[in-house]
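Read through the structure below, which is laid out as structure tokens, and then see the notes.
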Protein chains: 2
Amino acid sequence: MVHYTKSLLVLTLIMLSNSRAAHHHHDHNRCLSAALSHAEQHCTEAGVRLTPIRRAVLELIWQSHRPLGAYAVVEQLPSILGRPIRPPSVYRAIDFLLEMGLIHRLPSYNAFIGCPFPGSEHSDVFMVCRCCGSAAEVSAETLNKSLEDTASRAGFQLETQNIELSGLCASCQQEDSSS
Amino acid sequence: MVHYTKSLLVLTLIMLSNSRAAHHHHDHNRCLSAALSHAEQHCTEAGVRLTPIRRAVLELIWQSHRPLGAYAVVEQLPSILGRPIRPPSVYRAIDFLLEMGLIHRLPSYNAFIGCPFPGSEHSDVFMVCRCCGSAAEVSAETLNKSLEDTASRAGFQLETQNIELSGLCASCQQEDSSS
DNA sequence: CAGTGATTTGGTATAATGTACCACTTTATT
DNA sequence: AATAAAGTGGTACATTATACCAAATCACTG
């Protein structure tokens, strides 16, 4: 097995396991700082700047494993930057982070969530728990293939996709049955 | 082949062919009136009322094969009802139509589109052309299965889904290549 | 290090989408 | 007709998002 293939395999496993990370307890400080340094590196390589505002917005969105609204970011930014930041600046930061693939937008919730694997090609599939609100991004080969297949059978040339699944995460299923 | 299975098969074919109807030229007056009488019947059977406002809103949303915003409906309603209808009334009608499964909401567009097969169990999958804006609802066995599969492998209990695919419809692909 | 253009941010105002609330009317059921 | 339920009218407002222009910062060049 060559290195390239192995990386892909590992990546797929990471993707699929993200749901466990998001829906379960884990060392979130470490998870957050890893994401931030990853983002830093990603921006440096791309030759763009992760300014204080952009970094703070990313931090807030990552801090929450639940989709975070733009105005929630506006409210919470002073706790990081020590001064109020107005909506236009926040939306500009959000647009930047979206373009860099560091966060995703969940249209059904008018909210944003950190992307666990920026830079890699992956489908945007989100599982949002209707009970605890946590959101996990997942990717699966077979699903991607089905999507491609369905589109091409309809003569549709697929470019981007937004897939939001709603239901109960593993933790909340247990709580339901235990009550 | 028993009747039940045959119906399912036919239904699936109709579903898949909806993309052609939406993205291509067709007798839209007939398409619209069929949808309206179908809706009328659907409501009667459910014991609910398709009032003039609700019917007019449905008509406007069906008239467009492109997702239609709520305020576009507000603007166009006078042309049908002869008097202005305010946003709250329009949203109430939209909520009713959504609950009856007669229309769907496309969150990425803050817009609504008529459902070609109300009353039948089907996944909500939409293909929206970025060129002409037309939207087609499709359903495919394999895709549904993949979704179920992906969710259950992540321990997620899938309840509802919203799938929006963006790209080029067959017509617009031809126009692209012919220019 | 000054000059210059490009990028980023500050800040006001406003657009677009959606809802809470309460009074009133219409419909369905005794 | 009396009554309850369902639907509508209309004001006001909440939430989400953007247009616009001025000021500041950064990056590059001479």
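Letters A, B, ... are given to chains in the order of the sequence lines, protein chains preceding strands, and every chain is numbered from 1.
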Exercise. Please state whether the base of D:dG9 and the side chain of B:Arg83 form at least one donor-acceptor pair under 3.5 Å?
Key: no
Quiz item: Is the phosphate of D:dT8, meaning OP1 or OP2, less than 4.0 Å from a side-chain N or O of B:Ser89?
Solution: no
Practice problem: Check whether any side-chain heavy atom of B:Cys115 lies under 4.5 Å from a side-chain heavy atom of B:Trp62, and answer yes or no. | Solution: no
Exercise. Take B:Val48 and B:Pro87, find for each the nucleotide of DNA chain D with the closest heavy atom, and name the residue whose nucleotide sits nearer the 5' end.
Key: B:Val48
Quiz prompt | Value in whole Å for how far the P atom of C:dT8 lies from CG of A:Leu50 | solution = 11 Å
Practice problem: Report the distance from atom CD1 of B:Ile94 to atom C1' of C:dT19, rounded to the nearest whole Å. | Solution: 13 Å
Quiz item: With a 4.0 Å cut-off on heavy atoms, is B:Arg49 in touch with a base, just the backbone sugar-phosphate, or nothing at all?
Solution: sugar-phosphate
Exercise. For A:Arg153 and A:Thr150, test the side chains for any donor-to-acceptor distance below 3.5 angstrom and give the result as yes or no.
Key: no
Exercise. Please state how far atom CD1 in B:Ile53 lies from atom P in C:dT27, giving the value in whole angstrom units.
Key: 12 Å
Quiz item: In whole Å, what is the span from the OH atom of B:Tyr91 to the C1' atom of D:dT11?
Solution: 17 Å
Practice problem: Check whether any side-chain nitrogen or oxygen of A:Thr51 sits under 4.0 Å from OP1 or OP2 of C:dT9, and answer yes or no. | Solution: yes
Exercise. To the nearest Å, give me how far apart CG (A:Leu68) and P (D:dT15) are.
Key: 15 Å
Quiz item: When you check the side-chain N and O atoms of B:Ser166 and A:Glu159, is any donor under 3.5 Å from an acceptor?
Solution: no
Practice problem: Under 4.0 Å between any heavy atoms, over every strand shown, what does B:Arg54 touch: base, sugar-phosphate, or nothing? Just pick one. | Solution: sugar-phosphate
Quiz item: Can a side chain N or O of B:Asn110 be found less than 4.0 Å away from OP1 or OP2 on C:dG18?
Solution: yes
Quiz prompt | Interatomic distance, B:Asp95 CG vs D:dT8 C1' [rounded to whole Å] | solution = 14 Å
Self-check item: Whole-Å distance separating the CD atom of B:Glu75 from the C1' atom of C:dA15
Solution: 13 Å
Quiz item: Considering only heavy atoms from C-beta outward, does the side chain of B:Ile80 approach that of B:Arg55 to under 4.5 Å?
Solution: no
Quiz item: Among D:dT11, C:dT12, C:dT9, which nucleotide sits nearest the side chain of A:Arg86?
Solution: C:dT12
Quiz item: B:Pro88 side chain: which of C:dG18, C:dT12, D:dT11 is closest?
Solution: D:dT11
Quiz item: Between A:Arg92 (CZ) and C:dT12 (C1'), how many Å, whole number?
Solution: 12 Å
Self-check item: Closest nucleotide among C:dG11, C:dG10, D:dT16 to the A:Tyr71 side chain
Solution: D:dT16
Practice problem: Check step by step if ring-ring contact (aromatic ring centres under 6.0 Å, His included) holds for A:Phe126 and A:His104. | Solution: CA-CA 10 Å; A:Phe126 301 93; A:His104 287 291; 5.2 Å; yes
Quiz item: Between A:Arg105 and D:dA17, does any side-chain N or O lie under 4.0 Å from OP1 or OP2?
Solution: yes
